[in-house]
Amino acid sequence: MNTPDTRAPQGPGRFGSRPRRLRLVVGATALVTAAALAMQPAMALPGAQQHSLGCAELARKVLSSSHVRTVTSKIVPASGDMPAYCRADLVPTRSINVRVALPLSTADAGSGGTFTGAWNGRVLNLGGAGYAGSYWSDFSLPIQRGEVGSLTDTGHNADWCNATDPKTGLANAQPDCGLAGGGFVLSPAGRLDTSQVDDFIDRGIHEQTVWALALTKTYYGKAAQRNYWVGGSTGGRQGWQMAQKYGDRYDGFLLGYPAMNWNRFIIGEAWPAVVVNELLGRDGLSPAKSDAANAAAVAACDSQDGVTDGVIAEPRRCSFDATDVKGLTAKEAEAVDLIWDGPRDAHGDRLWGGITRGTSFSTLLPDGNGMSPMIETYVRYWLTQDANYDWRTNLTIKNFPQAFEASYRKFEQTAATDSTNLSKVRHGEGKIIYYLGTNDPLIVPFGSYNYQQRLFDRYGLQGTRSFVRTFYFPGVGHGDPTLTGTASAQSQLLDALLAWTERGKAPESFDQKDRGTGTERTICAYPDVATAPGADASCRTRTRVPADLVTQSLTAKDRP
């Protein structure tokens, strides 16, 4: 697992000898629509021959055979440890930009691949970050492994936001797409652009996958043997959206620290700023004091797992009270405890989870008295549709449940990405590896605990684990963990997914190496636990989730 798995996929593959489920449909509208795709098998672009093309021919073939708005293709020369590859850029519909990178075909003198040319037969659709609006990743992961890669900007960028809408004479959206890029959904007149919401949540990434597969077959003259989604944060949320809606069109998903529960997690994470603003005013809670509170919590709960290593292994079991922290005033301790606990309604029932104990407040509470721009942009442009909305004067502890409920209802049908119906993945024999850090300061782990427990409630523990394996990495923030071995964590996690989907070997554990202390630990597939401290320990099987962890994982709304 320490070296990239670039071997050819084993067996027929989801898009090998079995009928494929995606197809490019070219009609009068010249659009690739989900409705048209849903019932038809995949094929190459009309007129494609069963032999490889040169990269320069690819754009001409697409333009002559379909009605995409624009398309270009060119060879990107080798650089450093990046091999040369063919890059295609296209706008298939609306303002959605898609970029596909293809290892060189035989027509372009590609060689060394395990399927054809420099290609190993797989497609990796890569996720984005934040509010997207650009290509947030590069193609080093797939191209170095011999795989096709794809990206999308999800239908907007600064130029689009600033461009004039001929129907209104105004810009399409907020200047430069607004605070933290989240204003692409709001017109200057305060109208929510639901088409842009759909492009961002669903349509853009669907188009990305459709065209990655179509261009792959057109360029190589052969269909992809395997199709995967790989992403973290927004990319993780995007992957869950594809799993929930189009799960049978992928062989597997590698999903990290996902921004799912979109209509709940973002408003839920406005809570720390609201609490501090109301209880402590503009002076706020100094980072030194919140850091001291977190350090005290770690000291109190570190040894709960039998090992003192500077990390709280299971934050849900830490109930440390900030009133025990020296140097905090009563109001400051109250604020810290409310932030750790998360927002509740007037009856005391949980709305969402808080920042885990031992995790810095600085991301969601910048400078000790602000609100994260990633959160504030949602409150302004998505929820209230007011570019000048002042949360300090409008949001309070008392009215927070109403704001939470408004967010929940407004985007429940369009942007939640939290359905537990994964029947298409399950019935299509797809697999999902799901991972996150328990000290994520941007997307609190509660959303993943919540979704995981709801999956267990739906499919049962063993039923869920037959196609979804989840790994919680203690001490890790918003990003990939560090694993033992020489390959990157993402490559090792991806190799584990390939071993599961293509050879039937389900992942049981990973060996984590703590970035700060160098401590090594075995991370078992949840809810199993390691039988001993350190790396290379075996995992003890649990047949049920401990009741106290279930209690800390669900909101009142989610309870049976």
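All figures in this text were calculated on a predicted structure; none of them were measured in a lab.
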In sequence, state the C-alpha distance, the side-chain angles, and the governing distance for Leu549 and Arg317, and then conclude on side-chain contact (heavy atoms from CB on, under 4.5 Å).
CA-CA 8 Å; Leu549 299 187; Arg317 287 198 165 123; 3.9 Å; yes
Rounding to 0.5 Å, atoms CG (Leu126) and CD1 (Ile205) come to a distance of 12.5 Å
Within 45° of the six-membered ring axis of Phe510 and under 6.0 Å from that ring's centre, is NZ or CZ of Arg469 located there?
no
Can the ring centroids of Trp271 and Phe404 be said to lie less than 6.0 angstrom from one another?
no
Only one of Gln453, Arg316, Arg454 passes side-chain hydrogen bond (donor to acceptor under 3.5 Å, both in side chains) with Ser553, and that residue is Arg316
Side-chain donor or acceptor of Asp176 paired with backbone N/O of Gly178 under 3.5 Å
no
Judged by modelled atom types alone, do Ser509 and Thr522 share a side-chain donor-acceptor pair under 3.5 Å?
no
Spatial distance of atom OG1 (Thr363) from atom CE (Met374) [nearest 0.5 Å]:
11.0 Å
State the CG-OG1 distance between Asn439 and Thr356, to the nearest 0.5 angstrom.
4.5 Å
So Leu124 and Leu141, do their side chains get closer than 4.5 Å, heavy atoms only?
yes
Which pair of non-hydrogen atoms, one from Ala489 and one from Asp480, has the smallest distance, and what is that distance?
CB-CB, 4.3 Å
Side-chain donor or acceptor of Tyr472 paired with backbone N/O of Glu314 under 3.5 Å
no
Would you sort out whether Asn157 and Tyr135 count as a side-chain contact (heavy atoms from CB on, under 4.5 Å), showing the intermediate values?
CA-CA 10 Å; Asn157 53 46; Tyr135 299 126; over 6 Å; no
Sub-4.5 Å side-chain heavy-atom contact between Asp337 and Thr323
yes
For atom CG of Asp367, is the number of surrounding heavy atoms from other residues, nucleotides or ligands below 6.0 Å larger than 12?
no
What one should report as the nearest heavy-atom pair of Phe184 and Cys161 is CB-SG, 3.7 Å
Pair Asp558 + Arg264: basic N to acidic O under 4.0 Å:
yes
Taking atom CG of Asp199 and atom OG1 of Thr194, what is their separation to the nearest 0.5 Å?
10.0 Å
Between Asp302 and Gly310 (side chain of the first, backbone of the second, donor and acceptor by atom type, cut-off under 3.5 Å), is there such a pair?
yes
Step by step, would you call Asn277 with Asn369 a side chain to side chain donor-acceptor pair (under 3.5 Å)?
CA-CA 7 Å; Asn277 183 61; Asn369 63 2; over 6 Å; no
Using salt bridge (charged side-chain N to carboxylate O under 4.0 Å, His left out), reason through Glu412 and Arg409 one step at a time and then give a plain yes or no.
CA-CA 5 Å; Glu412 181 182 10; Arg409 292 185 179 278; 5.4 Å; no
Any side-chain donor-acceptor pair under 3.5 Å between Gln244 and Ser419?
no
Side chain to side chain, Met242 and Asn125, heavy atoms closer than 4.5 Å:
no
Are side-chain heavy atoms of Phe139 and Arg99 found at a separation under 4.5 Å?
yes
Walk me through whether Trp136 and Thr234 qualify under side-chain contact (heavy atoms from CB on, under 4.5 Å).
CA-CA 10 Å; Trp136 281 87; Thr234 287; over 6 Å; no
Of all heavy-atom pairs between Ala297 and Ile312, which one has the smallest distance, and what is that distance?
O-CD1, 3.9 Å
Do Gln552 and Asp548 pair up side chain to side chain, a donor and an acceptor below 3.5 Å, judged on atom types alone?
no
Counting only N and O atoms by type, is there a donor-acceptor contact under 3.5 Å from the side chain of Ser466 to the main-chain atoms of Gly463?
yes
Kindly indicate whether the side chain of Val444, heavy atoms from C-beta on, has any atom under 4.5 Å from the side chain of Glu269.
yes
Is there side-chain contact between Phe471 and Pro481, with heavy atoms separated by less than 4.5 Å?
no
Side chain to side chain contact (heavy atoms under 4.5 Å, CB included) with Ser195: which of Val197, Asp193, Asp198?
Asp193
Identify the heavy atoms of Ala293 and Leu328 that sit nearest to each other, and give their distance.
CB-CD1, 4.3 Å
Do the non-hydrogen side-chain atoms of Pro441 and His478 ever get within less than 4.5 Å of each other?
yes
Arg344 (side chain) donor-acceptor with Leu338 (main chain) under 3.5 angstrom:
no
Non-hydrogen side-chain atoms of Pro527 and Phe456 separated by less than 4.5 Å:
yes
Centroid-centroid distance, Phe200 to Trp262, less than 6.0 Å:
yes
Closer than 3.5 angstrom, by distance alone: can the side chain of Asn172 be matched with the main-chain N or O of Trp160 as a donor-acceptor pair?
yes
In sequence, state the C-alpha distance, the side-chain angles, and the governing distance for Tyr246 and Thr209, and then conclude on side-chain contact (heavy atoms from CB on, under 4.5 Å).
CA-CA 10 Å; Tyr246 310 106; Thr209 297; over 6 Å; no
Side-chain donor or acceptor of Gln174 paired with backbone N/O of Ser187 under 3.5 Å
yes
On a heavy-atom basis, which atom in Phe411 and which in Trp382 lie closest, and how many Å separate them?
CZ-O, 3.5 Å
Rounded to the nearest 0.5 Å, how far apart are OH of Tyr381 and CG of Leu192?
13.5 Å
For atom NZ of Lys410, decide whether the heavy atoms of other residues, nucleotides or ligands shown that lie under 6.0 angstrom number more than 12.
yes
Sub-3.5 Å donor-acceptor pair from the side chain of Arg465 to the main-chain atoms of Ala525, do we have one?
yes
So, does Thr531 use its side chain to make a donor-acceptor pair with the main chain of Ser538 at under 3.5 Å?
yes
Would Asp349 and Arg559 pass as an ion pair if we require N to O under 4.0 Å?
no
Taking Asp511 for its side chain and Ala535 for its backbone only, find out whether a donor-acceptor pair lies under 3.5 Å.
no
Testing the 3.5 Å rule here: is there a donor-acceptor pair between the side chains of Gln241 and Asp202?
yes
Are Tyr526 and Tyr434 an aromatic pair, judged by ring center distance below 6.0 Å?
no
Could you grab the distance from atom CG of Leu279 to atom NZ of Lys331, nearest 0.5 Å is fine?
5.0 Å
What one should report as the nearest heavy-atom pair of Leu383 and Ala406 is CD1-C, 4.1 Å
